[in-house]
J.: 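Here it is: the structure, laid out below.
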Amino acid sequence: MKICTFRKIALLTLLLIPALSGMSFGQNISVTATVDKNQLTLEDVLQLSIVIRGTQNTPPPELPSLPDFRITSAGKSSSTQYINTQRSVSITYKYRLTPMNTGAIFIGPARVRINGTTYSTKPITVEVQKPSNNATHENKAAFIETTLSSKKAYLGEQLVYSFRLFHRVEAKNLDLRLPFDKTWFNKEELGEPKTYIKVINGLQYHVQELSIALFPLKRGLIEIPSAIIELDLFQNTRNRSSRDPLSQIFRDPFGRNTQAEHKVLRSQPLSVDILPLPDGAPKGFKNLIGQFDISAELGKNDLEVGDTTTLTVTVSGRGNIKDVFVEEPDLKNQFKIYPDKPEFKQTVDNNQIRGEKIFKFALVPLEAGNKTLPKFSLPYFDSKNAQYRIAKTQAISLNIEPSSIKEELNLVRSREQDVPTTKPEIETLGTDILPIYTELDKFQNGGVYSLTFLGAGFGSPVILFVISVFIMKQQNRMKYDVAFYRRRNAYKNAHQRLKQMSEHSDSKEFARELSEILREYVGDKLNLQGKAITAEEVAVRLKESNYETRQAEETRKLLEKCETLQYAPMTQGSTKQLLGESENLIKVLEKQS
Amino acid sequence: MKLSNTISFFLFMLLTLSPTLQAEASDYLNEVVRANGLYSDKQYVESAQAYEALIHDGVRNGYLYYNLGNAYIRMGKTGPAILNYVHAQKWIPRDENLAANLKFAIQQTQDKIEPPPPGTLNILFFWVNDFNFNELVYFAIGLNFIFWVTLALSMCFPFLKIARNALLFVLLLSFVSIGVKIKSESDLKLGVVLATNVEVKSGRAVDAITLFQLHEGALVTVTDKHNDWLEVRLNDEQKGWVPQSSLGT
């Protein structure tokens with residue numbers, strides 16, 4: 001019993017603890033804000049903790065406006081303590097503040113609203129300084145640098161912006177924010193980041209490099225702001241106490257001897273002077289800047305009218321090759337041209353975008369003769385030599401023979417020459433009636449139905465239905481109504497037995513059987529035990545059942561006669577007479593029933 | 001004995017009457033063949049007379065009316081042609097040739113008259129216009145037979161009750177369709193102007209005001225009859241009286 005009671009109390013306690021854990025204890029609620037340091041550099045991160053004691057059911061605190069910091073949530077934790085039967089609960093919200101400016105920064109009070117009451121924290125002031133030795137990176141665990149391929153560039157010329165992270169210790173949880181302004185540049189990725197090792201001042205650094213192609217959109221001096229990366233650096237913590245194995249275990253139970261440090265690294269801002277393109281652009285120039293080459297080749301130079309050959313124009317080079325477009329050649333309606341979708345291949349070679357754009361045209365000659373395809377030209381600005389150039393293809397000659405197929409080719413003209421080939425509508429030259437019908441089977445006299453026909457058509461199924469229902473009911477009654485069954489079969493049975501009787505020769509037996517047939521007939525008709533009733537009773541019952549008195553009396557007399565004859569000999573003639581009388585009597589009785 | 005006697009009587013009647021009926025049918029078909037032959041020989045007047053004679057003898061057949069209409073077209077009598085096509089439509093309402101020839105004949109007429117709009121019942125029972133009266137009756141008789149058989153069977157097989165109820169619904173619908181057909185044919189009597197030109201009068205008198213004129217082949221709705229005058233109606237505004245002799249119905 002005691003054990004059972006203990007179990008109940010323990011169970012109740014277990015159930016109550018989670019229920020009580022969320023309860024607030026209004027009289028003890030307090031909210032405090034703390035930071036992990038008051039002085040930091042731009043490379044450091046400030047951790048702000050807001051602890052709410054006395055309750056755990058609270059909304060997140062409302063932080064003050066902090067324009068000098070970038071704020072990220074670092075999660076929340078709750079705690080419950082029991083000290084001398086006193087229970088205390090708290091919840092801690094943590095934030096990571098990344099400084100964006102230097103100087104004394106004031107962190108205003110954070111507010112929490114609990115049960116209608118607003119609790120505020122005390123304000124905090126922190127000092128943010130510039131990081132020391134910013135220029136040299138000497139002996140630093142990690143630093144970043146950004147470079148630009150050129151300090152001067154023409155509008156639309158490709159610039160390569162490179163970001164490099166150098167780190168001597170393990171770096172994790174990297175969060176990179178590269179400066180980019182859509183109004184000044186078009187941006188294009190230059191492949192996956194590269195990783196390599198570089199030695200600086202005898203120290204080995206792991207380098208992660210990311211490059212981006214920038215295409216200036218506006219002219220003028222542009223300042224590219226600092227790139228910022230946030231990361232966790234894991235540094236070894238070997239010191240004097242590292243010799244003590246116990247302290248190592250307590251510091252890191254897995255024995256890794258590392259300590260994580262969250263850092264914010266900033267690069268120096270960069271500037272670039274964007275120059276306008278010089279005057280004197282050639283005709284057809286479409287802001288292609290770089291170095292380009294163009295070539296053209298034909299699938300086959302000897303062909304017949306109606307054959308197909310492919311003209312391939314390839315533009316390759318360095319620069320904004322994606323923007324290259326080669327128009328359909330003007331072949332003066334000598335060829336039908338089917339342009340294909342251009343293919344574009346891009347490669348990054350030594351942080352420079354190189355590419356190839358292929359234009360294909362299927363040509364179908366429309367007439368025979370020696371033809372020369374015109375040259376393709378591509379005007380562009382050579383940024384390396386600061387001058388306009390025009391890349392050109394060689395002229396291509398081809399020999400077109402008449403078609404060897406005799407049938408006239410149904411060639412479709414180019415779009416500009418498309419002539420609507422609508423077929424003429426069929427002209428109605430005359431109208432007439434359709435011919436007469438001559439199939440004789442169609443000429444059956446329809447006429448109008450007579451009432452007899454309609455009556456038979458609609459009435460006969462009803463009559464048939466009534467008859468079939470009557471028959472079904474009769475059959476059903478024959479199964480279950482014994483009196484009905486006997487009455488219906490009385491004449492049939494009596495008639496059959498009378499027919500069989502003529503063969504009997506013994507007069508006594510004849511009279512007895514005849515008497516039995518008559519009484520059984522009356523018994524079946526009146527649902528009585530026929531064998532057991534007397535001639536007198538038969539007459540009485542027949543009269544009661546509305547049979548005529550005369551027939552009832554005749555029946556009685558016939559039965560009495562049969563009984564008398566059972567004890568007196570009969571002649572052959574009297575037997576037949578008696579049989580005839582019996583048959584007639586049964587017929588008469590049957591009619592009256 | 002009684003049943004066998006009845007069957008014997010019917011067999012006797014059938015055997016006695018069949019040759020008579022067959023002979024009559026044979027004569028009728030011979031006459032049709034003759035009339036068709038006359039038409040093929042372009043003796044349209046004689047052909048039309050032969051067709052008319054058959055119709056006068058009580059033959060009612062849509063194709064006969066159609067052929068007669070064709071004969072009248074060939075004779076240049078648009079009015080009688082349209083009248084016979086309209087008669088044919090009662091018997092063969094789905095015949096495409098008939099619709100085409102009627103359209104052709106109406107195009108030959110002088111008056112542009114819009115056909116009368118279908119009534120509400122005809123819209124609701126839209127299928128009625130696609131069947132002639134005989135077809136509707138045949139359908140109802142067949143359905144009636146199936147229904148009563150199903151009713152009898154459903155007494156032994158209860159699962160047939162759904163079929164029985166569905167058949168009852170369709171049977172009732174077919175009866176209503178027959179009623180709608182009778183009503184629409186009695187209400188909407190079409191008449192065709194047979195005279196070359198007929199004056200539609202405001203009253204039943206020759207000296208009444210002439211409201212408008214109709215020409216041969218014009219299809220009108222006959223709304224009333226009084227002695228030798230017929231009231232005809234083109235639309236809500238145009239109606240009047242014409243002599244019965246000038247109109248075919």
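Order of the sequence lines sets the chain letters (A, B, ...), proteins ahead of strands, with each chain counted from 1.
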J.: Would you indicate whether B/Glu96, at its atom CD, is surrounded by more than 12 heavy atoms from other residues, nucleotides or ligands within a distance under 6.0 Å?
T.: no
J.: Anything under 30° is parallel, anything over 60° is perpendicular, the rest tilted; go ahead and classify B/Trp148 against A/Phe465.
T.: tilted
J.: Chain A: which of B/Asn144, B/Val32, B/Asn67 shares the most heavy-atom pairs with it under 4.5 Å?
T.: B/Asn67
J.: Evaluate the criterion side-chain contact (heavy atoms from CB on, under 4.5 Å) for residue pair A/Phe453 and B/Ile141; output intermediate values, then yes/no.
T.: CA-CA 10 Å; A/Phe453 175 80; B/Ile141 287 173; 3.7 Å; yes
J.: Could you check which of A/Val469, A/Val462, A/Thr438 has the highest count of heavy-atom pairs closer than 4.5 Å to chain B?
T.: A/Val462
J.: Got more than 12 heavy atoms from elsewhere within 6.0 Å of CZ, B/Phe175?
T.: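 Yes.
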J.: Is it true that a side-chain atom of B/Asn97 and a backbone atom of A/Pro435 form a donor plus acceptor pair closer than 3.5 Å?
T.: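 Checking the backbone N and O of A/Pro435 against the side chain of B/Asn97, no donor-acceptor pair under 3.5 Å is found.
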J.: Output yes when a side-chain donor or acceptor of B/Asn101 lies under 3.5 Å from a complementary backbone atom of A/Ile433, and no otherwise.
T.: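 Looks like no, no N/O pair under 3.5 Å.
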J.: Specify whether B/Tyr66 and A/Tyr437 have parallel, tilted or perpendicular ring planes, treating 30° as the upper limit for parallel and 60° as the lower limit for perpendicular.
T.: tilted
J.: Using non-hydrogen atoms and a 4.5 Å limit, figure out which bit of B/Phe145 sits close to chain A: side chain, backbone, both or neither.
T.: both
J.: Answer yes or no: is there a donor N or O on one side and an acceptor on the other, between the side chain of B/Tyr63 and the main chain of A/Glu439, under 3.5 Å?
T.: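 Answer holds: no.
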J.: Measuring heavy-atom distances to chain B, does A/Ser468 have an atom under 4.5 Å in its side chain, in its backbone, in both, or in neither?
T.: side chain
